[in-house]
Chemist: 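Supplied in structure tokens, the structure appears directly below.
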Amino acid sequence: MEHVELFFKSIFIDNMVFATFLGMCSYLAVSKKVSTAVGLGAAVIFVLAVTVPLNWLLDQYILKEGALVWLGPEYAEYDLSFLSFIMFIATIATMVQLVEIIVEKFSPSLYNSLGIFLPLIAVNCAILGGSLFMQSREIATLGLALNYGIGSGIGWFLAILAIAAIREKIRYSNVPPALRGLGITFIVTGLMAIGFMSFGGMLTGGDDAKKEDKKEVVTTEPKKDEVKKELQEANTELSRSEEDKKEIAENTKEIE
Amino acid sequence: MGLLSKKDAKLITDPFADNNPITIQVLGICSALAITAELKASIVMSISVLFVLGLGNVVISLMRNIIPSKIRIIVQLIVVATLVIIVDLVLKAFAYELSKTLSVFVGLIITNCIIMGRFEAFALGNGPWRSFLDGVGNALGYAAILIIVGFFRELLGSGTLLGFKVLGDPIEKTGVYAIGYENNGFMLLSPMALIVVGIIIWVQRSRNKALIEEH
Amino acid sequence: MSKRTDSNLYTVLFAVGMVLVVGALLAFLASFLAPNIDENKRIEKQQNILYAMGVNENDESSAIFVSTAVAEQEFQKYIKKQLVIEGGKVTEDEKAYLIDVKKEKSKAKNGGVRRLPLFVGEKDGKTFYVAPIRGKGLWDAIWGYVAMDENMVVQGAYFDHKGETPGLGANIKQRFFMDDFTGEHLLDDTGNFKGIRVAKGNNDPKNEEKTDYEVDAIAGATITGDGVSAMIKSDLKLYVPYFKTLKTN
């Protein structure tokens, strides 16, 4: 259950692109065609799925305060967390370089179309963001870390796939010349992000906030009267709107 | 501009308009979204990037002939990260207050693609002085966009500039609030930064037709 | 690129060399600067605690601490007792303010007993009980200190964060937000713990109602606000038994 929740949370609610706005540069620049977008998206899923668990291990057994205790009790006091940035980045950069070499060998056309952005996966903030979130949210097990990596990757993949599809279609629309390409992409992304915000309330706070509200209405006596008043007012408004309806009905009759 | 040759001067002025890192090269967007809800944060971030990009470009340019091409990305990243961490540690030890204001930006600077992008595209192939100018130029171009976006988001979103209530007090209903003006809280949300940048691109490309993309 | 830099041997040597240089440099710097950094952090904790109980040099809008030079002195002057609550036991400990809340939290998670620091301060004849809290915001950790009177009515609060969004979540450490908490009640009439919720649209932007268990949220910072509500709820709740014993005595 924990796994399922984390998985969907990292895809939709904490979507890397729309909720935290990470990985925007490559997202905007490499979303002209669906095929390239799929390539980059797959690369991001892969890199995230590998680096998050790897960095989890690093964090647990080397960087965290007291993590070195497996070397012997005298190492319990060491705190290497100031190195976490650089260690995470080194892991990521190594992995990215690996992906670059593999892609260059097996799919030169993809390599060419990704251009400068393949090396830039390394600074794709979504990737480092994944590892840092993993650290700050104290993800508990290696399995969950892998899950989180894959989930965030898929979230990013979906986002870039969606925008690439929109950009392919938008070509047939009459966009003001100066907005064509990058401009309209920014604006569409903004609108998509606003849409994605509606996922935000799904797991955070929704439930227990409501319960508290209910309690307050019950416990505070004077509020009951207020509620009644409000209800009455609402009722009169309703009847008013019924009158409106009648008027409308009459008007339509006349027209007929 | 007696100091700079024409070609060098172009390195500084180009990123302002025709080759702006954000609106043309599409670099450094994440940070532009994250921190522009407030003008002050935009300015602080701009200065930090100016510092790191200028210095980083010089360092990478000096090392350009000894960096093995196979691991150049790692080397570049480690150079930036080390620079930033050193500055962070020193500030923490000797200027704690300042370091607290900057701590938020440390992660953002390391992963700012603008820095890596310029390393890759310029510093690896050019001498230190030209690289330095390129770094400064791009950082300034970046700063220009950040400050414009920050200005509008803070003004329209919270009715303040640099924390000063320029439009009056929304709770006491003074200034423009007295005649029924309301802050647009929406401007504070990150999606609006995207839309503001989109509008900047629109304005920029309407003025300079050469930049218009086919599609 | 010259050919020399493309060979595998060179690449490996370069990588090893760089790791050594960078590692040594950072390790040296970190250990060299550690005493300074620790001292700064220690003073900051004292300043934070004093701030929560109203010992500060605030101007109209920004939060300003007592200066670092006098922090130690002021801390000794205003903080009368430092308590550590462990299980049901209460002990005095002069180093209680150095207790790492993060560590204690993870200890409790692993089944250990959490040590709860509580600072008893006195200012202008009034007694303050200051408790640290810690939780998670949007990006990273958030934490704070809440000063209460013996009925758990908030007398002052200080919040801080590691990396919340500037202009949005980061505003939890602005006075307009922190000051809202002053006077809010944490317990209901029957003494049950209610907490304080950071709520959107609570129709009370001037925060005049003090017993609604709500303060006005910051627009655009929902997750950080929820984090503040959550840490108040989870951490301050633990102090309720202690405050009950205060009353019976």
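Please read all numbers here as calculations on a predicted model, not as lab measurements. No hydrogens, no waters, no symmetry mates; every other heavy atom, side chains included, goes into these values.
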Chemist: Are A/Phe7 and A/Tyr148 an aromatic pair by the rule of ring centers under 6.0 Å?
Modeler: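 Not under 6.0 Å, so no.
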Chemist: Return the option, out of C/Ala230, C/Ala27, C/Gly23, C/Ala30, with the maximum number of heavy-atom pairs under 4.5 Å with chain A.
Modeler: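 Option with the top pair count is C/Ala30.
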Chemist: Any salt bridge (Lys or Arg N to Asp or Glu O under 4.0 Å) pairs touching residues 140-153 of chain C, not counting sequence neighbours?
Modeler: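 Every salt bridge (Lys or Arg N to Asp or Glu O under 4.0 Å) pair that includes a residue of residues 140-153 of chain C, provided the two are not neighbours, is C/Asp140-C/Lys162.
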Chemist: Is A/Ile86 close to chain C through its backbone or its side chain, or both, or neither, when contacts mean heavy atoms under 4.5 Å?
Modeler: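 Contact with chain C is through the side chain of A/Ile86 alone.
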Chemist: Name all residues meeting the side chain to side chain contact (heavy atoms under 4.5 Å, CB included) criterion together with A/Ile45; count only those two or more places apart in sequence or in a different chain, and write none if there are none.
Modeler: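 Applying side chain to side chain contact (heavy atoms under 4.5 Å, CB included) to A/Ile45 gives A/Ile154, A/Phe157.
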Chemist: So what's closer than 4.5 Å to chain A heavy atoms on C/Val19: side chain, backbone, both or neither?
Modeler: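 Contact with chain A: none, neither part.
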Chemist: Could you check whether the rings of A/Phe18 and A/Tyr27 sit parallel, tilted or perpendicular, using 30° and 60° as the cut-offs?
Modeler: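 Because their plane-to-plane angle is over 60°, the rings of A/Phe18 and A/Tyr27 count as perpendicular.
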